[in-house]
**Q** 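There's a structure below that I have some questions on.
Throughout, numbering of the chain's residues begins at 1 and tracks the sequence. Because only heavy atoms are used, hydrogens play no part in the values below, and waters and symmetry mates are left out as well, while side chains stay in.
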Amino acid sequence: MSVRLHCCWVLVTFMALPATAEEAIVDRVRPLIQAQYDAMDAAMVQQPYSTRSIVARRDNDPREEITTFRPDRPPGERERLETVNGEPPDRSDQRRFNRRPQPDERDDQPIRLQIDYDTLHLLEQQDDQLRLGFSTVLLLDGEESDYGRLFRGELIWDDREEFLVQVDMHLTEAFSYRFFNLEGFTVSETFRKLDGRLVRDEYSHDIELRNRLLDLSNTANIEFIYDTDDV
């Protein structure tokens with residue numbers, strides 16, 4: 001009798017505790033979110049689109065840029081700067097544009113934030129919309145950085161339609177990298193479905209990046225326009 005009771009106690013000790021309702025929701029949507037967000041860049045370069053951007057540097061007036069992306073163009077030329085403030089780009093405009101990685105070269109971006117999917121947690125549920133928080137993975141020149149711990153993010157998931165609506169990330173504490181101080185960084189993306197794939201709808205960022213000699217702080221607000229849109 002005593003042996004039988006002892007065995008039962010051992011079994012109970014090693015039984016997995018049931019997940020809470022919030023944990024069950026996150027476990028269900030996590031692989032869906034990851035599959036959609038990780039496939040975004042590949043989806044974006046599979047169809048033509050245009051962008052309309054308002055870009056501002058601290059030392060310059062805001063400018064409107066129109067670009068086009070065509071996947072059938074040669075590598076390095078798939079995205080082109082068409083106009084700046086309604087006029088053909090001049091040499092300065094073109095040099096500035098050429099310093100940016102092409103959309104199919106996003107791995108070359110010097111600063112890139114990604115979702116740490118293991119840290120997803122439910123913040124709020126309103127009807128069919130879920131708001132989840134997460135920590136970030138920060139890539140500096142392609143290498144994962146410990147400074148990723150200084151960023152936080154939130155996303156919105158449509159649980160009825162099962163698609164990612166929005167992702168926001170922001171810096172919580174300034175740090176220095178390669179002689180520059182990154183004092184502020186926020187980025188926001190919204191998405192929509194296009195031919196069964198999730199693509200970007202709007203993108204914005206606000207970066208405060210400077211040192212004693214240079215202020216590279218800038219903001220950008222980008223609207224993505226696809227061939228199926230009425231423009």
Side-chain angles (χ1 to χ4, degrees), residues 40-41 43-114 138-142 151 153 166-171 174-192 194 199-231:
M40 185 79 60
D41 290 340
M44 290 298 299
V45 298
Q46 291 178 26
Q47 73 277 307
Y49 63 85
S50 304
T51 69
R52 181 185 295 114
S53 309
I54 301 297
V55 182
R57 283 275 300 271
R58 292 284 173 83
D59 53 351
N60 289 313
D61 293 331
R63 63 186 184 275
E64 181 189 64
E65 298 182 348
I66 303 296
T67 71
T68 60
F69 177 86
R70 299 292 181 267
D72 56 350
R73 290 173 180 161
E77 301 179 21
R78 290 175 178 147
E79 185 180 46
R80 294 178 182 171
L81 179 62
E82 302 293 348
T83 65
V84 177
N85 294 330
E87 301 292 337
D90 60 24
R91 290 182 180 180
S92 178
D93 296 327
Q94 194 63 53
R95 283 196 301 269
R96 186 187 303 112
F97 176 77
N98 290 343
R99 288 197 293 266
R100 308 177 195 170
Q102 288 270 315
D104 52 350
E105 300 171 341
R106 280 176 59 84
D107 289 342
D108 294 335
Q109 289 180 330
I111 301 176
R112 188 172 183 186
L113 288 170
Q114 298 176 333
L138 172 66
L139 300 178
L140 294 177
D141 296 318
F151 291 81
Q166 182 170 337
V167 171
D168 300 315
M169 305 184 204
H170 67 277
L171 179 66
F175 66 91
S176 298
Y177 178 71
R178 290 196 173 182
F179 308 109
F180 279 90
N181 296 321
L182 185 61
E183 300 173 5
F185 190 103
T186 60
V187 59
S188 179
E189 298 180 280
T190 60
F191 314 103
R192 59 162 145 159
L194 180 69
V199 296
R200 289 183 177 88
D201 189 24
E202 294 184 346
Y203 166 93
S204 65
H205 74 236
D206 187 342
I207 300 174
E208 296 183 35
L209 182 66
R210 59 175 64 86
N211 61 22
R212 291 183 178 179
L213 300 176
L214 295 173
D215 188 346
L216 302 181
S217 304
N218 67 90
T219 63
N221 294 277
I222 305 173
E223 175 190 4
F224 292 84
I225 304 164
Y226 300 91
D227 285 3
T228 56
D229 293 336
D230 294 324
V231 294

**Q** Inspect the surroundings of CG in Asp61 and state if more than 12 heavy atoms from other residues, nucleotides or ligands are less than 6.0 Å away.
**A** no

**Q** Using the side chain to side chain contact (heavy atoms under 4.5 Å, CB included) rule, take Phe69 and Thr51 through it: C-alpha gap first, then chi angles, then the decisive distance, then the call.
**A** CA-CA 8 Å; Phe69 177 86; Thr51 69; over 6 Å; no

**Q** Do the side-chain N and O atoms of Ser204 and Ser188 include a donor-acceptor pair separated by under 3.5 angstrom?
**A** no

**Q** What distance do Glu183 atom CD and Asp215 atom CG have between them, rounded to the nearest 0.5 Å?
**A** 8.5 Å

**Q** Are Asp90 and Ser92 close enough that a side-chain donor and a side-chain acceptor fall under 3.5 Å?
**A** no

**Q** Please determine whether a side-chain nitrogen of the Lys or Arg among Asp41 and Arg200 lies less than 4.0 Å from a carboxylate oxygen of the Asp or Glu.
**A** yes

**Q** What's the separation between atom CZ in Arg57 and atom CZ in Arg63, rounded to the nearest 0.5 Å?
**A** 8.0 Å

**Q** Return the CZ to OG1 distance between Arg70 and Thr68, rounded to the nearest 0.5 Å.
**A** 5.0 Å

**Q** Side-chain donor-acceptor pair under 3.5 Å between Thr67 and Arg100, yes or no?
**A** no

**Q** Look up atom CE in Met40 and atom CZ in Phe191, then write down how far apart they are to the nearest 0.5 Å.
**A** 4.0 Å

**Q** Return the minimal non-hydrogen interatomic distance between Arg210 and Ser217, and the atom names on each side.
**A** NH2-OG, 3.4 Å

**Q** Could you measure the distance from the NE2 atom of His205 to the CE atom of Met169? Nearest 0.5 Å is fine.
**A** 14.0 Å

**Q** Do we see a donor-acceptor contact under 3.5 Å between the side chains of Asp206 and Thr219?
**A** no

**Q** Tyr177 and side-chain contact (heavy atoms from CB on, under 4.5 Å): which partner among Leu138, Leu182, Leu209, Asp141?
**A** Asp141

